[in-house]
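Have a look at the structure below before the remarks.
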Amino acid sequence: MTAIATLAYLVAASLFIVGLKRLASPRTARGGNRLASVGMLIAVVAALVSQEILNPIEVAAGLLLGSAIGLWLARTTEMTSMPELVAAFNGFGGAASALVAGAEVLRAGAGTFRTYSESGETVTPIPDLGAGDLAVVALSVLIGTVTFSGSFIAWGKLHGRTLGAFPGIRILSVLIALGVIGAAVALVWTGGDSWRMDEAALWLAVLAGGALLLGVVLVLPIGGADMPVVVALLNSYSGLAAAATGFVLGNVALVVSGALVGASGLILTRIMCEAMNRSLLNVLLGGFGTEAGTGGSASGTGEERPVRRTTPDDVAVMMSYAQRVVVVPGYGLAVAQAQHEVREMADLLHDEGVEVVYAIHPVAGRMPGHMNVLLAEANVPYDQLIEMEEANPDFAQTDVVLVVGANDVVNPGARDDPESPIYGMPVLNVDEAQQVVVMKRSMSTGYAGIQNPLFFLDNTQMLFGDAKASLKAIVGELKALQPA
Amino acid sequence: MTAIATLAYLVAASLFIVGLKRLASPRTARGGNRLASVGMLIAVVAALVSQEILNPIEVAAGLLLGSAIGLWLARTTEMTSMPELVAAFNGFGGAASALVAGAEVLRAGAGTFRTYSESGETVTPIPDLGAGDLAVVALSVLIGTVTFSGSFIAWGKLHGRTLGAFPGIRILSVLIALGVIGAAVALVWTGGDSWRMDEAALWLAVLAGGALLLGVVLVLPIGGADMPVVVALLNSYSGLAAAATGFVLGNVALVVSGALVGASGLILTRIMCEAMNRSLLNVLLGGFGTEAGTGGSASGTGEERPVRRTTPDDVAVMMSYAQRVVVVPGYGLAVAQAQHEVREMADLLHDEGVEVVYAIHPVAGRMPGHMNVLLAEANVPYDQLIEMEEANPDFAQTDVVLVVGANDVVNPGARDDPESPIYGMPVLNVDEAQQVVVMKRSMSTGYAGIQNPLFFLDNTQMLFGDAKASLKAIVGELKALQPA
Amino acid sequence: MDLSLFVVFVLAAFLGVELISKVPATLHTPLMSGSNAISGITIVGAILIVGATGAPWAKWVGFAALVLATVNVVGGFLVTDRMLEMFKPREATRPGTEAGTNGTSS
Amino acid sequence: MDLSLFVVFVLAAFLGVELISKVPATLHTPLMSGSNAISGITIVGAILIVGATGAPWAKWVGFAALVLATVNVVGGFLVTDRMLEMFKPREATRPGTEAGTNGTSS
Ligand SMILES: NC(=O)c1ccc[n+]([C@@H]2O[C@H](COP(=O)([O-])OP(=O)(O)OC[C@H]3O[C@@H](n4cnc5c(N)ncnc54)[C@H](OP(=O)(O)O)[C@@H]3O)[C@@H](O)[C@H]2O)c1
Ligand SMILES: NC(=O)c1ccc[n+]([C@@H]2O[C@H](COP(=O)([O-])OP(=O)(O)OC[C@H]3O[C@@H](n4cnc5c(N)ncnc54)[C@H](OP(=O)(O)O)[C@@H]3O)[C@@H](O)[C@H]2O)c1
């Protein structure tokens, strides 16, 4: 019975592996996700039949309730809010792992312990949880709970809530961390020959409470635009929490899947940090999230130097005479939700024989690949989306670059000005094109809080206003220009 | 104690993984191989200290003797004989796995069984080997022994011995396979409640003897030039044999490493079959190894159609006036051991300002990558070696192609002539170049046993003779031509 | 704690690194959400706890875990599918387009 | 037979596939010989048998296995190293060459 369950878990894990592998290519990604979900179904069925279910109603209710909530959230959330949703789901996963590990302690303390082996069911009295087991429980509760509260702070920040750090938060974090470690040690201490269940439960509660606070104070000081990195890292944590819970339960499915997710989250975090040319430590210590960001936008809102302004009509005419137009989307496109208008504009230009492609910076938008998802939602075929390395050599042969709500990712200072705070971050070299049109609402800065020398170049024109409204105006003019 | 040993095995396995990963790039490959060897050292030390050594002299003698033989073979074997050496080492590995599995049965039957746990040494009387254990032993002995005898037939064929199939060999193979399966079933049958050691040893011997014959009759009918595929496949088998032995001993190092090698060998086999556009089954059934090969060369030795001949002096002059020369090495280069002469010629041309590159077909030579190793031995930098996909588009812009002992891999019939037995196999399109010079000893065919239409084209000239001699003559003429 | 589980953990971590280092930036958001759904595997642990426990405390803590893990799993896979549904190659996205306009793709 | 060993086996096989599908054709021969050396891991099994057995038959069969496995391991790693030693980038192979001639590389 358990042997069959283990084999089923192995099949599930293999499907996760193949699924993740297929996620590496746009053509196979959807099938890969489905394979992984079949694997999950197999694991759930194996868990359901591998033991006698004493509480069928609770199990069914839990599954139904969770499915309903999950279905509802997945169906109704808008594409632009995907980052928040992923953060929230991630928090749920972390909390679930922590709760399972905690429940295992409570169960062990409740007097009976059922094991099912080939020789049938055995009900044994409390097996003293050893110190080793309790250490793993502590790890699982700690990581899972930090994931939970951290994810929800990230969720709030992504949602646009202004949750900032307060003075002394660093010292507070250190104090809480020390307290959490103390509680973990105390919990492990209760293990051994005469296991004291009530004490263990007490320390478990202290540990969980501390970890809850810890997640909050760790994520609070990190800048809002760094939340994607935080979510990727917390995703890795939720995997590790699942793996730790797997060690507690001795369950191979949890260990394999948790390790897979833990490793993949870490790699993803590293890729994202590299794309911003920052170290993970710099991100986590809130390098220039809040302080610099606020300070910068204050100093940046004044228009000190003259810029050239333009109108939607001029931009429409200019583009319709161009041979090649490159659209550079940024975070502002997501804010304005203007992906459909961009696509409509590109189609009109395309019909007039203008070559239109999209140059996507790896950290444009709110999450890695966020721009791709947005544009895909507006039915832009993915072979029109060009990655940074491919796009950069061709800007010199480009007539018009249309920057839609991007700022830092097109800052030439990152390339040329060693004084710039983002010096060294690879950027899209849009300044090499004939003409650059920048669409944004004001002269205020982007995430890094620094002014952008691009705006003051001779070949740059600014089109102020909400990106959606501006694009609508351009589309209207393009239609009016059309011969038919 | 055992826990520490297991951790050491895990470290060793991780070093194998990282080592294999580094083998993927020429820059890191050497370090990768060294990492893997460090991993092996760790595993050996862990095995030595994880238990009390009852027979220190035998262990030391075995290690010393094996190291001496290995060192001697590795040092003295010529680069051109690498394929044979790899085949031989592979056979040793397979035999070792089979012997270990067999010895485990003998040990279990000998009356004592020592286990070392945290509570010290325990000597238990014969633990009856269960049917499941014996099945794994049978698998290990079968795969390991087939690997052993198969590798040595492959070794012989690579060494140039004419070992051919005989009539009725297929029926014989089937009979032996049935006998082997019978012996395996009988061996498993001895397991169970009252294990009969002497019977088990008997069936083990029958199984091993049958497997020995099986390896011979399976590899005999396969064509000599298909031996690289066979060696790759047997390499995979030796990994599987090690993994099976790992299951017998419950040893994690053997299971991980065996599975790694088993999977990598299979992938390599597939890559090689794809490069020849044949299925693995076709290779294993001896599709056109011996029969077609012999028949073809007989029919091909007569020069039915006229060809243009040339002399080393003419070739030297032609190349020294060329802009771009592409050298296409093949199996004949290895036979003639002419790699140093090729390199000398290329250097001379290079000094006269001629661009020289080498186009390497994936299955040129005796093993995949064999040409690369040969040319690397002659100090040709690896960035001058161009793979087929890159080389093909540039032949039209090439003045002179020098085909050195290659035949099938430059056969245009594989591309144009649906009647050709090798139709569909990707080839180097040397016929698109201005001039093609083919160096070989006669008009006889290559491995596939078919005549090559390339030799009769207007832009092709034949330079008959041993490749080494011809190249020496060309080098001499090039030196004479030099101004200084 | 089982040592062979630890071996399994290490191997799976190596595998995770190998699998992910190949994913292009385009797919990072669906990847994050898909792997997040996989980390909902803790649903298995929740079922084992809720199903086999008589102890009321453990049962209700497990129940909360079960609901949360199920939300993570069901929501995660569905939302990933929704995102990936939108990734279509050129031909599929513009069915009405004439063949000649394909020249724009680079 | 241990089931978690089987899990280990499956994961390692997946890993082997991932690792090898990236190796370029240039390195196939050293790869074959290097992975062959790794399959000599059975040397560990041979040591465990020879070292811990009093039974003469088992010991001598194990001894033969030990010698063969050691040949495989030592010879395999050395010969792979010998092959790889020869793979050098352009600069390293022609130390005497003038900088200008580098233009030949494509
Ligand atoms: N993608 C990731 O994974 C990730 C992760 C961590 C950090 N980051 C950081 O986020 C930044 C992303 O760069 P980015 O260039 O995409 O964005 P950005 O530098 O933050 O600039 C966005 C611009 O959009 C404009 N905008 C906002 N709402 C708009 C609307 N409705 N219509 C028109 N314009 C609007 C803003 O200017 P106005 O206010 O004047 O309109 C702002 O300058 C980088 O600094 C990156 O390091 C990204
Ligand atoms: N590399 C692999 O991994 C692999 C694996 C399996 C099968 N194969 C098969 O092996 C073949 C390899 O193709 P290939 O073009 O390299 O070789 P080939 O087609 O076998 O031809 C080799 C040619 O070299 C000539 N030759 C032999 N000794 C020579 C010497 N001393 N000097 C000058 N020439 C000499 C021979 O002609 P003369 O006798 O007239 O001199 C012969 O025609 C393919 O059919 C491939 O499918 C390769």
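Labels below follow one simple rule: chain letters A, B, ... track the order of the sequence lines, proteins then strands, and each chain is numbered from 1. Because the structure is a prediction, the values reported are computed rather than measured.
- Taking A43(B), S238(B), S67(B) one by one and counting their heavy-atom pairs under 4.5 Å with chain D, the maximum is reached by S67(B).
- A donor-acceptor contact closer than 3.5 angstrom is absent between the side chains of N90(B) and T147(B).
- Residues I360(B) and E387(B) are not in side-chain contact: their nearest non-hydrogen atoms beyond the backbone lie 4.5 Å or more apart.
- Side-chain contact check for S39(D) versus N36(D): some heavy-atom pair is nearer than 4.5 Å.
- For chain D, no part of S236(B) is nearby; none of its heavy atoms comes within less than 4.5 Å.
- Among S35(D), G76(D), G16(D), the residue with the largest count of heavy-atom pairs under 4.5 Å with chain B is S35(D).
- Of the possible donor and acceptor atoms, none in the side chain of S257(B) sits under 3.5 Å from a partner among the backbone N and O of L254(B).
- The choice from A259(B), A253(B), G93(B), A232(B) that makes the most heavy-atom pairs within less than 4.5 Å of chain D is A259(B).
- Counting heavy-atom pairs closer than 4.5 Å to chain D, the top-ranked of the candidates G94(B), A263(B), A96(B) is A96(B).
- Interface residue L85(B): only side-chain heavy atoms are found under 4.5 Å from chain D.
- Counting heavy-atom pairs closer than 4.5 Å to chain D, the top residue among T245(B), L20(B), L63(B) is L63(B).
- Within the 4.5 angstrom heavy-atom criterion, only side-chain atoms of V73(D), from C-beta onward, approach chain B.
- For the options L68(D), V71(D), V8(D), L15(D), heavy-atom pairs under 4.5 Å to chain B are most numerous at V71(D).
- Ranked by non-hydrogen atom pairs under 4.5 Å with chain D, the options G265(B), A242(B), G66(B) are led by G66(B).
- Among A13(B), G239(B), A36(B), the residue with the largest count of heavy-atom pairs under 4.5 Å with chain D is A36(B).
- In this structure, chain D has heavy atoms under 4.5 Å from both the backbone and the side chain of A61(B).
- Remark: I386(B) CD1 to D383(B) CG distance equals 8.0 Å, nearest 0.5 Å.
- Put simply, the side chain of W72(B) does not reach to within 4.5 Å of the side chain of V74(D), judged on heavy atoms.
- Atoms OG and CZ, from S37(B) and F16(B) in turn, are 9.0 Å apart once rounded to the nearest 0.5 Å.
- Applying the side chain to side chain contact (heavy atoms under 4.5 Å, CB included) criterion to T80(D), with sequence neighbours excluded, gives N33(B), P30(D), S33(D), L84(D).
- Side-chain contact check for L73(B) versus F89(B): some heavy-atom pair is nearer than 4.5 Å.
- Both the backbone and the side chain of A69(D) come within contact range of chain B, each with at least one heavy atom under 4.5 Å from a heavy atom of that chain.
- Here the options are I49(D), I43(D), L48(D), the test is side-chain contact (heavy atoms from CB on, under 4.5 Å), and the partner is V100(B); only I49(D) passes.
- Distance check: L78(D) CG to R75(B) CZ gives 6.5 Å after rounding to the nearest 0.5 Å.
- Interface remark: R270(B) contributes no atoms to any contact with chain D (heavy atom separation under 4.5 Å).
- Proximity to chain D (any heavy atom under 4.5 Å) is shown, for L266(B), by neither the backbone nor the side chain.
- Heavy atoms closer than 4.5 Å to chain D are found in the side chain of L249(B), but not in its backbone.
- Heavy-atom distances place the side chain of F63(D), and not its backbone, under 4.5 Å from chain B.
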